[in-house]
Amino acid sequence: MRRLRQTATLAFALGLSAPGVAQRGGTVPPGYERGPAPSAVELQQPWGAKSTRFQYRYGSLRQPLMAIRGMGMRRDDSWTANSVARVSHVKIMMGACRDGGQTSRFDANYAAPPTIVFDGPVALPKTDPPAAHWGQINFLPFDALYQHPGQRDLLIELCCRETKPAGRYSLDCVDGDSVGRGTVRYLDIAAGCRDEGGGFDAFFRPPVTDARGRVVFEACAGRAPRRGAAALLWSLTAPVARPSSVCAGLRLGQPELAIPLCTDAEGGVASLAQPLRFCYSVPPSAGLPVVFAQFLALGAAAFPAQRSDAVRLATAAPTAGADVSALYSLQSHRAEEGRLTPYFVPVVLLVYD
């Protein structure tokens, strides 16, 4: 049985070299050796509890013949919590992309059969919040070299059979479009606060800003009273602490907007598969706002009012976008087809001869 491989934590972001590997290296896309990428990975990632298949295309690696002997991925600098240590069983392949870019079929995207550069268990180390350790890179040496011809886009594929324990593992990522992808920060989720009526969970996706100043964000909630009245509160002022010695939760003081809603038969407001979608425009002279939002389930005789965690939604200006794309399936590491997206493509450090 293949022995467990321990991923070494190496300071490539500082220009140091690793013993026993080639001295040349760089990131794809280029330019992120010393600074974080503008996007945060959320749900779409190869390291998961389920069987997954991810294939990433990098269109900026057009160099002469190079022998790639290892790769690394960096933790996401905007992740606000620890990522616990995990063991992932993964097969990594590299190859040249076909003319015309990626399609929805994994195997059809290769111009020639790919090279299996690694196949076995990988130890993903525990990572700390970014305030303590930014730029932490997990480096993995390959079992076999990949000779990249350089005339075509590079494909990196990760087929993950299983990861234990279950949970997310954050990665520093870029986007392949020109939108500005903001951030979501849950302000009081660590306090474990629950109102008298029970819990009320909320989920917000990062707001997206296009070149015309239009901002779109998506949200959903759950575990509220069933078939009851609810609202989404919206404010430009920061939440304040609840006046309670028991619960340290936050609440919006005077929200500028309250959108009336209804919970369904399961106590939910929309869902992850079909979230609520909101859109508003920001004049160019107004700058990029930071807003706060919170779900509220209105009280009744049997159910006091419940508030979800308050969130901080920071918008971001549109960017130039990188020449990247991603194809993924969350169903199986042997999936033949997947979903093609320009979002959340990891910054990868390549070490080569």
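For this chain, numbers begin at 1 and follow the sequence in order. What's counted below: heavy atoms across the whole structure, side chains too, no hydrogens, waters or symmetry copies.
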Are Tyr352 and Phe142, when compared by the centres of their aromatic rings, separated by less than 6.0 Å?
no
Path from Tyr110 to Tyr328 over hydrophobic side-chain contacts below 4.5 Å:
no
Test of understanding: with side-chain contact (heavy atoms from CB on, under 4.5 Å), list the residues that count as partners of Ser271, not counting sequence neighbours.
Ala273, Gln274
Measure the spacing between CG of Leu350 and CD1 of Ile156 and express it to the nearest 0.5 Å.
5.0 Å
Side chains of Arg185 and Leu313: closer than 4.5 Å at any heavy-atom pair?
no
Any donor-acceptor pair under 3.5 Å from Asp153 side chain to Cys97 backbone
no
Is there a continuous path of hydrophobic side-chain contacts, each under 4.5 Å between heavy atoms, that joins Leu155 to Met71?
no
side-chain hydrogen bond (donor to acceptor under 3.5 Å, both in side chains) partners of Gln331, counting only residues at least two apart
none
Just by distance, no angles: are the side chains of Asp201 and Ser308 close enough, under 3.5 Å, to form a donor-acceptor pair?
no
CG of Leu261 to CG of Leu232, rounded to nearest 0.5 Å, is 6.5 Å
Decide if atom CD1 of Ile116 counts as having more than 12 heavy atoms of other residues, nucleotides or ligands within a radius under 6.0 Å.
no
Write down the atom of Pro275, the atom of Arg205, and the distance for their closest heavy-atom approach.
CG-NH1, 3.3 Å
Going hydrophobic residue to hydrophobic residue with side-chain gaps under 4.5 angstrom, can you get from Met93 over to Leu140?
no
Which residues satisfy the side-chain contact (heavy atoms from CB on, under 4.5 Å) test with Leu257, sequence neighbours excluded?
Trp234, Ile259
Side-chain touch Pro207/Thr315, heavy atoms, less than 4.5 angstrom:
yes
In this structure, are over 12 heavy atoms from other groups packed under 6.0 Å from Glu336 atom CD?
no
Who pairs with Glu266 by salt bridge (Lys or Arg N to Asp or Glu O under 4.0 Å), at least two apart in sequence or on another chain?
none
Rounded to the nearest 0.5 angstrom, the CD-NZ distance for Glu162 and Lys50 is 13.0 Å
Decide yes or no on side chain to side chain contact (heavy atoms under 4.5 Å, CB included) for Val87 and Lys164, but give the supporting numbers first.
CA-CA 5 Å; Val87 176; Lys164 290 184 178 181; 5.6 Å; no
Measuring only between side-chain heavy atoms, which start at C-beta, is Phe295 closer than 4.5 Å to Phe203?
no
To the nearest 0.5 Å, what is the distance between CZ on Arg161 and OG on Ser51?
9.0 Å
Would a single hydrophobic cluster contain both Phe54 and Leu154, if residues Ile, Leu, Val, Met, Phe, Trp and Tyr are joined by side-chain heavy-atom contacts under 4.5 Å?
yes
Connected-component partners of Val208 among ILVMFWY, side-chain separation under 4.5 Å
Val179
If you take all heavy atoms of Tyr56 and Ala326, which pair is closest and at what distance?
CD2-CB, 3.7 Å
Just by modelled atom types, is the Phe344 backbone N or O under 3.5 Å from a matching donor or acceptor in the Asp175 side chain?
yes
Shortest non-hydrogen separation from Glu337 to Ser329 and the atoms involved
O-CB, 3.9 Å
So how far is it from Leu276 CG to Phe217 CZ, rounded to the nearest 0.5 Å?
8.5 Å
Under 3.5 Å: donor-acceptor pair, side chain of Ser281, backbone of Gly213
no
What are the two closest heavy atoms between Tyr58 and Pro346, and how far apart are they?
OH-O, 2.6 Å
Non-hydrogen side-chain atoms of Val324 and Pro29 separated by less than 4.5 Å
yes
For Val216 and Phe278, what are the C-alpha separation, side-chain angles and deciding distance, and is it a side chain to side chain contact (heavy atoms under 4.5 Å, CB included)?
CA-CA 6 Å; Val216 176; Phe278 301 93; over 6 Å; no
Would you check if Arg86 and Val122 make a side-chain contact, meaning some heavy-atom pair closer than 4.5 Å?
no
Report the distance from atom OG of Ser88 to atom CG of Leu158, rounding to the nearest 0.5 Å.
8.5 Å
Work out which heavy atom in Glu256 is nearest to a heavy atom in Ser235; give both atom names and the distance.
OE1-CA, 2.8 Å
Taking the side chain as C-beta and beyond, is there a heavy-atom pair between Asp172 and Met73 under 4.5 Å?
no
If you measure only the distance, is there a donor-acceptor pair under 3.5 Å linking the side chains of Asp309 and Gln294?
no
Minimum-distance pair of heavy atoms, taken over all atoms of Thr263 and Pro225
OG1-O, 2.6 Å
Heavy-atom side-chain proximity of His89 to Thr163 below 4.5 angstrom:
no
Take Val269 and Cys220, measure what side chain to side chain contact (heavy atoms under 4.5 Å, CB included) needs, and give me the verdict at the end.
CA-CA 5 Å; Val269 178; Cys220 63; 5.9 Å; no
Co-members of the apolar cluster containing Leu340 [side chain, <4.5 Å]
Phe106, Leu327
Taking 4.0 angstrom as the limit, do Asp107 and Arg53 come out as a salt bridge?
yes
Beyond-backbone contact of Ser325 with Thr341, side-chain heavy atoms, under 4.5 angstrom:
no
So which of Arg57, Met94, Gln55, Lys91 actually passes side-chain contact (heavy atoms from CB on, under 4.5 Å) with Glu157?
Gln55
Give a yes/no verdict on a cation-pi contact between Arg312 and Tyr186, requiring under 6.0 Å between NZ or CZ and the six-membered ring centre and an angle within 45° of the axis.
no
Does the pair Phe292 and Val311 meet the rule for a side chain to side chain contact (heavy atoms under 4.5 Å, CB included), with working shown?
CA-CA 6 Å; Phe292 300 87; Val311 299; over 6 Å; no
